[in-house]
Every structure is written in structure tokens, then in C-alpha cells.
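Notes to accompany the following structure.
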Amino acid sequence: MLLASGHTAEALQGEELEHQFRESDVVVMTWPKCGTTWMQEIVWTMRNNPDLDNPQAMVPTHNRVPFLELDILLNSQNIPPLGEDSELMKAFRYRCPHKDPKDGILMQITEVSPDPRTIKTHLPFSLLNPHLLDTAKVIYVARNPKDVVVSYHHHSRLIKFHDFSSSLDQFVQYFVDDDLVFGPYWMHLKEAWEKREHPNLHFVNYEDLKQNNMVEMRKINEFLGTNLTEEQLQKVAKYTNFSEMKTREETQSDPKKTIVFNTDIVTSSGGFYRKGKAGDWKEHLTPEMEAKIDQWTQQKTKDLGSSFRFSS
Ligand code: A3P
């Protein structure tokens, strides 16, 4: 099946990724579609571009903020987008001369990325270096699973190499069966939630970031120790809002887009920057799908404690 769950969580059980983190690293950790790219851009911009004058910002986000375990998803060095002509292989050859891509393209790109690094991961704590929080800072973004499943379904149809076309109904079933890539949603979230008091972990809800954007931006500023002024924070907030990020992506002449995206899905349902809303699930989920997710959520969140909540 598309989502190759066998290659990720299950295959990695008990074999955490042996990546060495550094003190200056900030890791953006999420289950897919929880607002990873948004947080990557916020963190990178706060740390590297608070006055919006850094020319590096023109480089697409995924090239500034490496996706630590992307090699797992690529699964093989031979899939079409990874020919020598591909953007990723060119970047690898340039940044890691004399290295072997079979030892991990993104793992090695991450290793040679200059400090201070902002790193993206969808892996949960239990699959990463156990000393991660003793060494680096982590920002965890959680999102209402109903919006996550709608967004992930879209994403799976959008990205060509997933080769996925099933219905939302079927996708919701995979989700509640914990059968999608990156495994069980609630287990992933719970591992972070339990560590939320750790001084090196900052836990953010997508919905809060959306609704009280400046309040959350101030908290992130304090957590990162970036000491941005209120004026700089305002600028970063505007620069990273949905419409600005969407417009920048649409105006970038990135040849990758037609290789990676299904253009018919872009036309019918939107591109990567689809809606960027909290509560869009109400437009997509049937009452049956909603009930299925509610029941699953109720079961899985019993031990998360009463302070855990998502806005609806
Ligand atoms: P939708 O599909 O609901 O629009 P990720 O980066 O983890 O893959 O998450 C992608 C989701 O975050 C998509 O959700 C995308 O539109 C949304 N998103 C991306 N940038 C955003 C921003 N600046 N503000 C709000 N939502 C954003």
C-alpha cells in the first residue's frame, strides 16, 4: 500500500535513529499534517531572518530545514525522483562530496548542515536518540486529528509517488487502525505530551497558533531565546501566515512541483497549501466518519489527563 507503514514505525521498533543532536539544534517534531512546515518556517525565520533581510530565505523551506528521516520514506535509492538529475541528489552531491547516498541522503545532509540547525522530524521521541531533550530543543505541534486526516488524505493523493487514490472513508479507517505512515497518531502525541514540562520541550496546538497567533509567537520566542522585539515578531508572524507562505510557494518556479505533485489534484482540491484552517474537517467528514474518530479519540485519550484538549 501507498503508505508503506511497514517501512516506518514497525520497521524501526526498537531501533531508534542514531542521529547525534547538537546543543544549538531546534527540532520541529510532528505527526504528518499537523503544521510542520508552518512551524519550520516560524522557527527558521525567528532564528535566521528576524528582519526579513536574509537572502537564504529564498531557498525553499525543505532545503533550509532538513527532514531527518526522509530516507525511510524514499525507501530505495532508485525511485524515479532520485536520479542523479533530481534536486535532492544534486544537493547531496554538492553538500556531501565523496559520500555514499546509500548511507542516507538526508541523514548525511543533516549532519553537514551548519549550526544553528533547525531539523524536521515526524518520528516520535521513542524512535530518536534518547538524549535528544538533554541536548537540543524540541517544538512539538499537535493538531485536531479530524483536520489531520482530511489534510493527510489530500496530501496522499497530491504526492505522485504515494500513488494513492482511495476514498476519504477508507483513509479514515486506516487512520483509526493506526495503519498510516508514522504509525499511531495518539501514541506519537502522548510521548510528547508526557514530556511537556521538560524545559527543552515546547508543546503547541495548531489551533492555538492559528487563533492566538501573537500570543503563541511570543511563547516560541521565549522558548527559543531569540529575544525578538515585538516589531520583529509581528513581521515574522505576517511573513509566516498562510496566505504569504502559499503565495511564496506558488510564485517559486520550483521544477519539483510537476514531478512531485499530481496536477489534477492541485486543480480539483488544491496544492500543498490547501486550506490552512482549523475546523475544515466539517466540510469533509460524514457523521459516520466523525463518530468513528470521536470514539477512537475517546479511547486513546483516557490517560492523557484532563488538561489535554483540542478546539473542535
Ligand atoms: P490543510 O491541508 O488543512 O490546509 P504539514 O506541514 O505538517 O504537512 O501540514 C500541512 C498543513 O498545514 C496543511 O493543512 C497546510 O495548508 C497547513 N499550513 C501550512 N502552512 C500554514 C500556515 N502558514 N498557516 C496555517 N496552516 C498552514
Side-chain angles (χ1 to χ4, degrees), residues 3 27-46 49 52 57 60-70 73 118-124 138-159 162 164 168 171-172 175 180-182 185 188-189 192 204-214 216-217 220 233-252 257 260-262 265-266 268-285 293 310-312:
L3 297 166
V27 177
V28 174
M29 180 188 284
T30 57
W31 207 80
K33 310 318 289 177
C34 284
T36 330
T37 318
W38 188 12
M39 188 56 76
Q40 285 171 248
E41 198 63 328
I42 291 173
V43 172
W44 191 89
T45 307
M46 278 191 184
N49 191 21
L52 309 185
T61 320
H62 59 269
N63 289 341
R64 285 178 273 121
V65 181
F67 181 5
L68 185 60
E69 71 280 5
L70 182 65
L73 289 187
T118 303
I119 298 171
K120 157 184 170 177
T121 187
H122 288 323
L123 293 181
V138 176
I139 299 194
Y140 189 95
V141 190
R143 188 179 187 189
N144 184 329
K146 292 178 189 165
D147 279 325
V148 171
V149 76
V150 169
S151 183
Y152 206 3
H153 178 246
H154 169 71
H155 181 92
S156 305
R157 294 163 75 233
L158 176 70
I159 305 295
H162 286 327
F164 185 77
L168 180 58
F171 200 82
V172 167
F175 189 47
L180 296 179
V181 155
F182 295 103
Y185 174 84
H188 193 291
L189 188 149
V204 185
N205 277 342
Y206 177 99
E207 293 75 21
D208 292 342
L209 190 59
K210 198 73 206 168
Q211 203 183 341
N212 301 310
N213 189 245
M214 279 309 291
E216 296 301 323
M217 295 292 278
I220 297 168
L233 279 180
Q234 295 273 6
K235 274 195 215 167
V236 177
K238 181 167 182 300
Y239 184 76
T240 57
N241 77 22
F242 181 76
S243 59
E244 296 232 352
M245 285 182 64
K246 183 176 163 74
T247 306
R248 277 201 297 282
E249 196 241 21
E250 283 171 356
T251 48
Q252 263 168 5
K257 275 190 244 167
V260 174
F261 292 169
N262 272 316
I265 300 293
V266 176
S268 63
S269 318
F272 178 85
Y273 294 90
R274 193 185 60 92
K275 291 277 181 66
K277 284 186 182 164
D280 178 58
W281 63 266
K282 291 171 193 154
E283 309 290 320
H284 299 273
L285 298 184
I293 297 176
F310 280 118
S311 55
S312 54

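This structure is a prediction, so every number in the text was calculated from the model and none was measured. Whatever order the structure lists ligands and atoms in, that order sets their numbers, starting from 1.
Classified by interplanar angle (parallel below 30°, tilted 30° to 60°, perpendicular above 60°), the ring pair Y152/F171 is perpendicular.
Residue G276 approaches ligand 1 through these ligand atoms, each under 4.0 Å from one of its heavy atoms: 1 (P), 4 (O), 16 (O), 25 (C), 26 (N). Atoms of ligand 1 found under 4.0 Å from any heavy atom of M245, numbered from 1 in the order shown, are 23 (N). For ligand 1, the atoms sitting less than 4.0 Å from at least one non-hydrogen atom of N241 are 23 (N), numbered in the order shown with element in parentheses. Close approach to K275 involves these atoms of ligand 1, each under 4.0 Å from a residue heavy atom: 4 (O).
Geometrically, R248 engages Y239 in a cation-pi contact defined by less than 6.0 Å to the ring centre and at most 45° from the axis.
Ligand 1 has no nitrogen or oxygen under 3.5 angstrom from a nitrogen or oxygen of H122. Some N or O of Y206 is nearer than 3.5 Å to an N or O of ligand 1, by distance alone. Ligand 1 has no nitrogen or oxygen under 3.5 angstrom from a nitrogen or oxygen of P32.
Residue H153 does not touch ligand 1, judged by heavy-atom distances below 4.0 Å. Residue contacts with ligand 1 for D280 are absent, since no atom lies close enough (heavy atoms, distance under 4.0 Å). With a heavy-atom cut-off of 4.0 Å, T240 touches ligand 1 through its backbone alone. Contacts with ligand 1 closer than 4.0 Å are made by heavy atoms of both the backbone and the side chain of K33.
For residues 31-42, every residue pair satisfying the side chain to side chain donor-acceptor pair (under 3.5 Å) rule, not counting sequence neighbours, is listed here: T30-T36, K33-H155, E41-R64.
T37 OG1, 2.5 Å is the protein heavy atom nearest to atom 6 (O) of ligand 1. Among all non-hydrogen protein atoms, the one lying nearest atom 15 (C) of ligand 1 is F272 O, 3.9 Å. Looking from atom 7 (O) of ligand 1 to the surrounding protein, the closest heavy atom is T36 OG1, 2.4 Å. At the shortest separation from atom 20 (N) of ligand 1 among protein heavy atoms lies Y273 CE2, 3.4 Å. Among protein heavy atoms, the minimum distance from atom 11 (C) of ligand 1 is reached at R143 NH1, 3.7 Å. The shortest contact between atom 13 (C) of ligand 1 and any protein heavy atom is with S151 OG, 3.7 Å.
Taking a 4.0 Å cut-off on heavy atoms, H154 fails to register as neighbouring ligand 1.
The ring of H122 has its center closer than 6.0 angstrom to the ring center of F67.
Comparing F242, W281, Y239 against atom 21 (C) of ligand 1, the shortest heavy-atom distance belongs to F242.
Between F182 and P32 there is a side-chain heavy-atom pair separated by less than 4.5 Å. When side chains are defined from C-beta on, C34 counts as touching Y185, because their heavy atoms get closer than 4.5 Å.
Taking each heavy atom of D147 and D280 in turn, the nearest pair found is OD1-N, 3.1 Å. For V65 against T118, the heavy-atom pair with the smallest separation is CG1-O, 3.1 Å. N144 approaches W281 most closely through the heavy-atom pair ND2-NE1, 4.0 Å.
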- request: Using the side chain to side chain contact (heavy atoms under 4.5 Å, CB included) rule, take M39 and I220 through it: C-alpha gap first, then chi angles, then the decisive distance, then the call.
  value: CA-CA 10 Å; M39 188 56 76; I220 297 168; 3.7 Å; yes
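Listed by chain and number, the residues in a salt bridge (Lys or Arg N to Asp or Glu O under 4.0 Å) with R157 amount to none (sequence neighbours excluded).
Of the possible polar contacts, one joining the K246 side chain to the Y273 backbone as a donor-acceptor pair under 3.5 Å is found.
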